[in-house]
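Computed from a prediction, not measured in an experiment: that's the story for all the values here.
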Amino acid sequence: MKERRAHITHTGKLRFEARTGTGREVVFGDDPDLSENSPVEIVVAAVAACAGMDVAAILAKKRHAIESYEIEVEAVQRDEYPQVLTTVTVLHIVVGPKITEESVRRSIELSATKYCPVNAMLSAGATAVHHRYRVRNTGSVPFEAEGEVIVTGPRRFPEPVA
């Protein structure tokens, strides 16, 4: 079992400096001009990064060459307190000469249902996470495809994987 830690120090107004157990530093606050990060925006970015790390690793294991891979993520946060995220849409945009729609879909599905802990935590709460893709094959028979793979959550707890 992994243990995660952080130490948070209040440095004035709504500014907090965090040092993780691995020594990484993050500054939280409400002033983007001072490079302060919104905790909720970090969660939104974290679900995309977590899924992206899974998908990139799975596609590499399948020996798919990736020319470019970007993830766009949008979230809706309710106005009432607590201001939870109600919907998150994660769009994986994958380009490569031997990329297949099936391999991208399966990689996203595995991330969403088995590997990504950030997605599992959001989906266990009030958030519905939409996992989408856009694929562009640049090989000898080019094509483009897009669609939705799966929606996880809300309040769907992940099953332990043996």
query: Between Val149 and Tyr133, is a side-chain contact (heavy atoms from CB on, under 4.5 Å) present by the stated rule, with each step listed?
result: CA-CA 7 Å; Val149 177; Tyr133 67 93; 3.6 Å; yes

As an exercise, state the distance from [atom1] of [X] to [atom2] of [Y], rounded to the nearest 0.5 Å.
X	Y	atom1	atom2	value
Leu59	Asp54	CG	CG	11.0 Å
Thr86	Arg78	OG1	CZ	8.5 Å
Arg155	Thr127	CZ	OG1	8.5 Å
Arg5	Glu3	CZ	CD	4.0 Å
Arg134	Arg132	CZ	CZ	8.5 Å
Gln77	Thr87	CD	OG1	12.0 Å

Any sub-3.5 Å donor-acceptor pair from [X]'s side-chain atoms to [Y]'s backbone N or O?
X	Y	value
Asp31	Glu36	no
Asn137	Ile99	yes
Arg105	Glu148	yes

- prompt: Linking Ile, Leu, Val, Met, Phe, Trp and Tyr by side-chain heavy atoms under 4.5 Å, what else ends up with Leu91?
  reply: Ile93

- prompt: So which residues get pulled into Leu110's cluster when ILVMFWY side chains under 4.5 Å apart are joined, directly or through others?
  reply: Ile58, Tyr115

Can you give me the closest heavy-atom contact between [X] and [Y], atom names plus distance?
X	Y	value
Cys116	Cys50	SG-SG, 2.5 Å
Ala128	Pro154	CB-CD, 3.9 Å
Thr152	Ser123	OG1-OG, 2.7 Å
Val90	His92	CG1-NE2, 3.6 Å
Asn119	Ala112	ND2-O, 2.9 Å
Ile8	Ala18	CD1-CB, 3.2 Å

When you group the ILVMFWY residues by side-chain heavy-atom contacts below 4.5 Å and let the links chain together, are [Y] and [X] in the same group?
X	Y	answer
Val95	Val55	no
Val43	Val27	no
Tyr69	Phe143	yes
Val104	Ile66	yes
Val47	Val76	no

query: Would you say the side-chain atoms of Thr11 and Thr9 include a donor-acceptor pair closer than 3.5 Å?
result: no

- request: Measure the shortest side-chain to side-chain distance between Lys62 and Ser107 over non-hydrogen atoms and say whether it is less than 4.5 angstrom.
  value: yes

query: Would you call the rings of Phe16 and His10 parallel, tilted or perpendicular, where under 30° means parallel and over 60° means perpendicular?
result: tilted

query: Thinking salt bridges, do Glu17 and Arg15 make one under a 4.0 Å N-O criterion?
result: yes

message: A quick test of your reading: do over 12 heavy atoms of other residues, nucleotides or ligands sit less than 6.0 Å from CD of Glu67?
response: yes

Partners meeting side-chain contact (heavy atoms from CB on, under 4.5 Å) with Thr100 (sequence neighbours left out): His64, Glu102, Ser103

